[in-house]
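Reminder, nothing fancy here: chain letters follow the sequence lines and each chain counts from 1.
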Number of protein chains: 2
Amino acid sequence: MAEKDMRERIKEVAVEHFNSNGYHGTTIRNIAKDVNCSLPMIYYYYNNKKELFDEIIKREYFDLLKRQTALLETNNVIDFYTKFVYDLNFLSNYDKKVYRLGIKVYLSFDGDEELMEIMDEWEKTILPRHYQILKPYLKNADNDIAIVRTLVHLLETLIESIVVKNRFLPEEEIREEISIVLRGCE
Amino acid sequence: MAEKDMRERIKEVAVEHFNSNGYHGTTIRNIAKDVNCSLPMIYYYYNNKKELFDEIIKREYFDLLKRQTALLETNNVIDFYTKFVYDLNFLSNYDKKVYRLGIKVYLSFDGDEELMEIMDEWEKTILPRHYQILKPYLKNADNDIAIVRTLVHLLETLIESIVVKNRFLPEEEIREEISIVLRGCE
DNA sequence: ATATAATTCTAACGAACGTTAGGTAGAAAA
DNA sequence: TTTTCTACCTAACGTTCGTTAGAATTATAT
């Protein structure tokens, strides 16, 4: 009915389609069919296909990432990171699909150069951020950075398992793996 | 000129295109243009687009994986896994692209259900295989399986960095991270 | 030399694509 | 009440897609 309704519904269906079929495999016609609106309706709210895709990544995905990183930290790093990962299990289906789509662009499996650059800039902030979080708990200085790097690498796979492969990861398994990497820091 | 030449050239160019543009973004016409042959030539060697894609995954990718896992193991696990990952830096461009394409299908970012099932079956063999390799070096039985799982997860990210993100990982960094996970097993 | 088979081509098919032109119906503003 | 504007539509544009029919060329076998 109202403007925002339709615009939002189009975006939701688009996330679904881009997710299942990729950018090239997604057609405006199929989106329109699932939204139950006419084809040009989509051009009424979005200038073209690419703009629709870009809005999902630039707004939805990065909003999600920022929401995610704004989580409170506890006084126990292992608890903190376990919760961080475990909570991903309970993201809404929409958020999971947006996240998945973002990772797809991040791995340059979809999207274009422009989006990749945005991803690269975000990536640069990851290591320093986690180094700040872990700093108080790291003891011996010789391999501190390697530990942070290893943890971030592990987190990447865990996130991929939940969001991309759509698996449920039990809290205990997450905790075990994070504990192995952070063994000695607590 | 000879049959095999052309068939192989088509496949090589196809790997390139599927890699850059995905299944749907790749067109037979563009492949033909880069191979410098006519369009129906591709249908002479491959029944259709999907068969061409499938051959790359089913033959090229899994051949590569099997070649990869057939590596000799040394008497030092950290050396072994470090070499295993580090050597990926020096894969041929063709092999890297095949690998990347396989991971794309593995993450169900491309391909279809049938290919996904093959991937799933392969995945089931991963943990047991590494457990066998690591078994002699694992000491305390309480979190043995978790250590293997964590290592496999770490390897996944390292492989992705090299093959998917196309980065060069220095041997020292790889060794550091593997050592952190395998701390205590040597 | 001639017949057969393998390799490659030109040309076109129908279908689907992204996109746009131009209109209708109803609400809001005048 | 008339006008203007917003939300939506039907219909079509030109292009490109996967695929094929059918013929030309080249190599092989007889």
Side-chain angles (χ1 to χ4, degrees), chain A residues 1-60 101 104-105 109-115, chain B residues 1-60 101 104-105 109-115:
Chain A
M1 312 281 170
E3 179 181 346
K4 206 170 182 188
D5 263 314
M6 181 64 93
R7 216 188 122 90
E8 222 56 26
R9 271 173 58 210
I10 290 171
K11 188 155 53 176
E12 272 169 41
V13 171
V15 166
E16 203 103 19
H17 282 242
F18 283 133
N19 220 309
S20 314
N21 310 111
Y23 181 81
H24 292 290
T26 296
T27 72
I28 308 283
R29 277 173 176 80
N30 285 337
I31 293 175
K33 197 192 291 171
D34 278 11
V35 174
N36 247 327
C37 70
S38 76
L39 201 156
M41 193 72 277
I42 285 150
Y43 287 92
Y44 184 73
Y45 291 107
Y46 301 91
N47 282 321
N48 48 50
K49 189 182 176 184
K50 190 174 164 348
E51 194 181 284
L52 177 54
F53 186 81
D54 282 9
E55 169 150 333
I56 290 166
I57 298 300
K58 286 184 187 164
R59 172 129 55 238
E60 301 293 306
L101 207 52
K104 196 168 175 181
V105 174
F109 282 143
D110 219 333
D112 58 359
E113 295 251 328
E114 188 214 346
L115 291 179
Chain B
M1 299 298 167
E3 178 183 344
K4 207 169 180 188
D5 263 315
M6 180 63 93
R7 217 190 121 89
E8 222 57 26
R9 272 172 56 209
I10 290 172
K11 189 155 52 176
E12 271 169 40
V13 171
V15 166
E16 203 103 19
H17 282 241
F18 283 133
N19 219 310
S20 314
N21 310 111
Y23 181 80
H24 288 108
T26 296
T27 73
I28 309 282
R29 278 171 176 82
N30 285 337
I31 293 174
K33 197 191 291 171
D34 277 11
V35 174
N36 247 328
C37 70
S38 76
L39 201 157
M41 193 73 274
I42 285 150
Y43 286 92
Y44 184 73
Y45 291 106
Y46 301 91
N47 281 321
N48 49 50
K49 190 181 175 184
K50 188 172 166 354
E51 193 181 284
L52 176 54
F53 186 81
D54 282 9
E55 169 150 333
I56 290 166
I57 298 300
K58 286 185 187 164
R59 174 128 54 238
E60 302 293 305
L101 208 51
K104 197 169 172 179
V105 174
F109 282 143
D110 218 334
D112 58 359
E113 294 252 327
E114 188 214 345
L115 291 179

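- The side chain of Y44(B) contributes no N or O atom lying less than 4.0 Å from OP1 or OP2 of dT20(D).
- A salt bridge does not link R59(B) to D54(B): none of the charged side-chain nitrogens sits closer than 4.0 Å to a carboxylate oxygen.
- Straight-line distance from the CD1 atom of I42(A) to the C1' atom of dC17(C): 13 Å, rounded to whole Å.
- When rounded to the nearest whole Å, the span between CZ of F53(B) and C1' of dG18(D) equals 16 Å.
- Scanning for side-chain hydrogen bond (donor to acceptor under 3.5 Å, both in side chains) contacts around D34(A) gives H17(A), with sequence neighbours left out.
- Summary of helix geometry: the two end axes of the helix from dA1(C)-dT30(D) to dA29(C)-dT2(D), each defined by five base pairs via their C1' atoms, are inclined to each other by 10° (rounded to 10°).
- Computed from coordinates, the Y43(A) OH to dG22(C) P distance equals 18 Å when rounded to whole Å.
- A salt bridge links E114(B) to K58(B): at least one charged side-chain nitrogen sits closer than 4.0 Å to a carboxylate oxygen.
- The aromatic rings of F18(B) and Y23(B) sit parallel, their planes meeting at an angle under 30°, below the 60° perpendicular limit.
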Provide a list of protein-nucleic acid N or O atom pairs under 3.5 angstrom, restricted to nucleotides 11-17 of chain D.
none

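- Atom C1' of nucleotide dA6(C) and atom CZ of R7(B) are separated by 15 Å, given to the nearest angstrom.
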Could you list the donor-acceptor pairs under 3.5 angstrom formed between side-chain atoms of residues 36-43 of chain A and any protein atom two or more places apart in sequence or on another chain?
none

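- Taking the side chain of S38(B) as heavy atoms from C-beta on, and the options dA7(D), dC9(C), dT10(D), the nearest nucleotide is dC9(C).
- Protein atom CE of M6(A) is 7 Å distant from nucleotide atom C1' of dC8(D), rounded to whole Å.
- In this structure, the side chain of E55(A) does not engage the main chain of E51(A) through any donor-acceptor pair within 3.5 Å.
- In this structure, Y46(B) atom OH and dG18(D) atom P are separated by 16 Å, rounded to whole Å.
- Note: OH (Y45(B)) to P (dT19(D)) measures 18 Å, nearest angstrom.
- Residues satisfying the side-chain hydrogen bond (donor to acceptor under 3.5 Å, both in side chains) test with N21(A), not counting sequence neighbours, are none.
- Listed by chain and number, the residues in a ring pair (Phe, Tyr, Trp, His ring centres under 6.0 Å) with Y46(B) amount to none (sequence neighbours excluded).
- What separates CE of M41(B) from C1' of dC9(C) is a distance of 9 Å, to the nearest Å.
- At least one donor-acceptor pair under 3.5 Å links the side chain of K49(B) to the backbone N or O of T26(B).
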